[in-house]
There are 2 protein chains.
Amino acid sequence: MITIKEIAKKANVSRGTVDRVIHNRKGVKPEVEALVKAIIDQLEYKTNSAGKLLATKKKPITIGCVVPSIGNDFFLNLISGFNAAYKKYSDYGLTIKVKSIKAYRAEEHLNEIKKMIASGIDALLVTTIIDPCIIRCLNENIDKGLHVACVNTDLPTSKRLFYVGPDYYLSGKTSAGVLTLMSKSKQNILIITGSSSMYGHNERIRGFLDTLEDKGIDYNVEKIMEVEDDEETAYIESSNFLKKHKNEITTIYIVAGGVHGTCKAIKELYLDKISNTYINRPYVLTFDRCLQTNDFIIDGTIDATIGQQPFSQGYKSISKMFHYLAFNHEESYINDEIMDARLIIKENALF
Amino acid sequence: MITIKEIAKKANVSRGTVDRVIHNRKGVKPEVEALVKAIIDQLEYKTNSAGKLLATKKKPITIGCVVPSIGNDFFLNLISGFNAAYKKYSDYGLTIKVKSIKAYRAEEHLNEIKKMIASGIDALLVTTIIDPCIIRCLNENIDKGLHVACVNTDLPTSKRLFYVGPDYYLSGKTSAGVLTLMSKSKQNILIITGSSSMYGHNERIRGFLDTLEDKGIDYNVEKIMEVEDDEETAYIESSNFLKKHKNEITTIYIVAGGVHGTCKAIKELYLDKISNTYINRPYVLTFDRCLQTNDFIIDGTIDATIGQQPFSQGYKSISKMFHYLAFNHEESYINDEIMDARLIIKENALF
DNA sequence: TTGAAAGCGCTAACAG
DNA sequence: CTGTTAGCGCTTTCAA
């Protein structure tokens with residue numbers, strides 16, 4: 001294994017000088033720098049992370065996280081991922097601060113992001129809304145030296161370092177793929193979405209419908225319901241709607257929250273109490289895989305769900321940001337990380 | 001963060017003594033040991049892995065790997081996982097030796113395992129056949145101090161430390177789950193398996209049929225073909241069989257290798273050359289997700305495949321074994337690691 | 001039975 | 001512009 005010491009010996013300089021070259025610090029004679037760099041390349045020197053981590057642990061790193069996890073199991077799993085990564089790197093001076101907020105409120109998001117930044121952090125991980133004020137605020141702070149990355153929801157027009165999360169369009173396509181496995185005939189679709197201002201939700205719908213189109217499936221979107229992830233709203237509205245259109249709807253496509261409420265309505269309307277089996281239930285497709293969703297898959301209310309690995313999203317985003325900060329802001333850490341669409345049906349639903 | 005130094009100060013002993021206590025080394029007065037242990041518990045001391053890794057890198061660790069990867073893409077991916085983990089830990093004195101062998105030959109397996117052990121290794125990672133001679137050989141070496149773990153195929157009756165790989169029964173169930181999404185009517189099934197002496201292959205069949213049974217699907221297994229992962233055999237045999245039974249077979253269930261050969265036969269028999277679409281093609285279900293399989297999913301020959309993350313299997317097994325060896329054989333590293341059954345259809349098949 | 005000290009690879013502070 | 005040195009947490013060797 002090649003160490004700084006060996007490089008130094010080969011170049012006839014001190015370890016300090018090699019260190020300076022490696023970190024592009026000023027104060028090295030150009031020809032010495034060139035020589036050292038050449039040797040580094042030639043010997044394929046790779047920094048030893050244990051050594052580095054040990055030596056740098058004195059200056060602590062704080063990562064702030066702002067996520068809309070209030071009343072949302074998915075984000076609680078994501079936060080578990082944050083915590084797991086924190087646990088792994090706390091030895092090396094990492095601290096995290098997590099702020100849970102409510103979804104959909106741009107103003108609240110902005111406020112909490114500002115508060116988090118003001119509290120003094122080195123980097124920010126955020127799941128928020130595509131909103132010009134928020135993006136401006138983030139960009140301003142990025143210019144001032146804050147390191148920002150997006151988790152679960154990207155802000156493509158911002159100056160964020162990287163994005164860790166799903167490809168919403170692809171997950172919508174996958175959902176449609178399952179539907180076409182089940183049936184090739186005409187579908188009358190009830191779509192239950194979180195909010196029409198959420199990019200990810202819209203993308204899931206777009207991917208879904210595009211794929212039906214591609215596959216030559218005849219379909220009609222009977223209604224798009226916005227329930228803002230509220231289970232009670234989902235229950236009442238879907239219940240009312242399905243009562244009126246019980247035998248017309250062939251597919252219920254639940255894009256975000258509202259799974260529990262909708263499934264409750266489905267059970268009431270389609271489950272035969274005597275045989276305890278569904279009669280003419282529409283196809284039911286959902287996203288994510290929290291405990292409740294899992295129960296509905298097991299009991300046969302949901303045909304399939306698409307998981308997006310919330311835990312990994314949390315874990316990877318912290319881990320990437322930590323490495324980025326700890327290892328000299330190396331570019332190799334700032335690539336986006338797209339989770340794959342995990343298709344879950346009854347048989348592989350076991351946790 | 002709690003360090004050995006702090007423990008030592010609190011206990012009024014030297015760091016050496018604390019180290020001795022932590023590693024249960026002899027030569028510490030019982031009361032001192034008790035005191036130090038109490039302080040460790042109280043302060044919730046956790047060893048700092050960077051420090052440990054740095055200090056122990058002098059004594060190199062060699063892990064030997066024996067896998068039946070000859071002519072098998074799946075295991076090449078698994079080996080990539082070995083190499084990725086190796087790359088990560090090579091800084092800390094890890095070396096790996098990988099021996100590729102051919103599947104199904106117990107004698108060859110035994111020979112190569114013996115050779116690998118004789119070449120001088122600290123630990124062995126192996127994918128092999130459930131065979132009494134092999135198990136005896138491994139157990140003898142385990143008794144002599146060799147550390148052994150199973151990758152991809154478990155040897156439950158051996159003294160191996162842990163197993164990293166799929167749950168074959170569950171993956172078979174998942175496959176049947178997809179089939180029942182597509183159709184509830186009677187299935188006439190052609191099963192193409194690797195070998196009837198392979199535990200995993202049998203389990204996949206068992207899980208598949210059990211699930212059809214559970215779901216009240218009427219089915220008949222028309223034929224079980226053993227093709228020993230040979231594509232040519234698969235092509236010839238499936239081609240011959242399907243020519244005779246073209247319109248009877250409703251499902252082709254390919255348990256192991258032979259996907260390429262079988263798909264070639266399917267294309268020849270069912271693909272309409274003019275419209276370039278399938279006419280009355282049976283359902284086709286496979287396992288794993290090598291490049292060829294992926295192509296057949298994209299082009300519509302295969303309905304679904306179940307992936308078992310070969311790369312992760314390789315990566316995790318090396319990583320677990322390395323940590324186990326590097327960190328005092330701590331028990332926390334020797335739990336089994338069961339991969340989940342990844343359901344892949346056309347829409348989420350993109351790599 | 002215990003302590004002291006050196007050293008793993010790297011960084012940072014200080015001295016020149 | 002460059003070298004020296006101390007120290008991050010841990011293990012190991014030597015000495016007591």
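In the text below, chain A, chain B and the rest are named by the order of the sequence lines, each starting its count at 1.
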Exercise for the section: Check whether any side-chain nitrogen or oxygen of B:Y92 sits under 4.0 Å from OP1 or OP2 of D:dT11, and answer yes or no. Expected result: no
Exercise for the section: Quickly work out the A:Y45 OH to C:dG9 C1' distance and round it to whole Å. Expected result: 7 Å
Exercise for the section: Report the distance from atom CD1 of A:I7 to atom P of C:dC10, rounded to the nearest whole Å. Expected result: 9 Å
Practice task
Tell me, please, which residues at least two apart from A:E337 pass salt bridge (Lys or Arg N to Asp or Glu O under 4.0 Å).
Solution key: A:K316, A:K320
Practice task
Rounded off to whole Å, could you give me the CD1-to-C1' distance for the B:I4 and C:dA6 pair?
Solution key: 16 Å
Exercise for the section: Rounded to 10°, tell me the angle between the two end axes of the helix from C:dT1-D:dA16 to C:dG16-D:dC1, each built from five pairs. Expected result: 50°
Practice task
Check side chain to side chain contact (heavy atoms under 4.5 Å, CB included) between A:E6 and all other residues, then give those that pass, not counting sequence neighbours.
Solution key: A:I2, A:T3
Please output the side-chain donor-acceptor pairs of residues 7-18 of chain B that fall under 3.5 Å, not counting sequence neighbours, one pair per line with the distance.
from	atom 1	to	atom 2	distance (Å)
B:S14	OG	B:G16	N	3.4
B:S14	OG	B:T17	N	3.3
B:S14	OG	B:T17	OG1	3.4

Fill in the blank from the handout: Rounded to whole Å, the CD1-P distance (A:I61 to C:dT11) equals 13 Å
Practice task
Between A:K29 and A:R15, just flag the one whose closest nucleotide in DNA chain D comes earlier from the 5' side.
Solution key: A:K29
Problem - N or O in side chain of B:K5 less than 4.0 angstrom from D:dC8 OP1/OP2 - result: yes
Under 3.5 Å, which donor-acceptor pairs link side chains of residues 124-131 of chain B to any protein atom two or more places apart or in another chain?
from	atom 1	to	atom 2	distance (Å)
B:T127	OG1	B:V151	O	2.7
B:T128	OG1	B:H109	ND1	2.6
B:D131	OD1	B:C133	N	2.8
B:D131	OD1	B:I134	N	3.2

Practice task
Report the distance from atom CG of B:L138 to atom CG of B:L155, rounding to the nearest 0.5 Å.
Solution key: 6.5 Å
Completion exercise
Shortest non-hydrogen pair, B:A85 vs B:L94, comes out as O-CD2, 4.4 Å
Practice task
Could you work out which one of D:dT12, D:dT2, C:dC8 sits closest to the side chain of B:A55?
Solution key: C:dC8
List every contact pair, protein side and nucleotides 13-16 of chain C side both N or O, where the distance is under 3.5 Å.
none

Handout entry: Contacts of type salt bridge (Lys or Arg N to Asp or Glu O under 4.0 Å), residue A:K115, not counting sequence neighbours
Key = A:E112
Handout entry: Under the side chain to side chain donor-acceptor pair (under 3.5 Å) test, residues paired with B:T95 that sit two or more places apart
Key = none
Practice task
May I have the distance from B:L54 (atom CG) to D:dC8 (atom P), rounded to whole angstrom?
Solution key: 13 Å
Practice task
Could you check how far CG of A:L53 sits from P of D:dC10, rounded to whole Å?
Solution key: 13 Å
Practice task
Classify the nucleic acid contact of B:D19 as base, sugar-phosphate or nothing, counting any heavy atom under 4.0 Å across all strands shown.
Solution key: base
Practice task
Name all pairs fulfilling the salt bridge (Lys or Arg N to Asp or Glu O under 4.0 Å) condition that reach into residues 26-47 of chain B, sequence neighbours left out, sorted by first residue then second.
Solution key: A:D91-B:K46, B:E33-B:K37
Exercise for the section: State whether A:T17 places a side-chain N or O below 4.0 Å from either non-bridging phosphate oxygen (OP1 or OP2) of D:dG3. Expected result: yes
Practice task
Take the protein atom NZ of B:K9 and the nucleotide atom P of D:dG9, then report the distance between them rounded to whole Å.
Solution key: 12 Å
Handout entry: Whole angstrom value for the distance that separates P of C:dT1 from CG of B:L35
Key = 16 Å
Practice task
Quick one: label B:K26 by what it contacts on the DNA or RNA (base, sugar-phosphate, nothing), any heavy atom closer than 4.0 Å.
Solution key: nothing
Fill in the blank from the handout: B:G120 and B:K97 have their tightest heavy-atom pair at O-NZ, 3.4 Å
Problem - Residue B:V28, side-chain atoms from C-beta onward, closest of C:dT2, D:dC10, D:dG3 - result: C:dT2
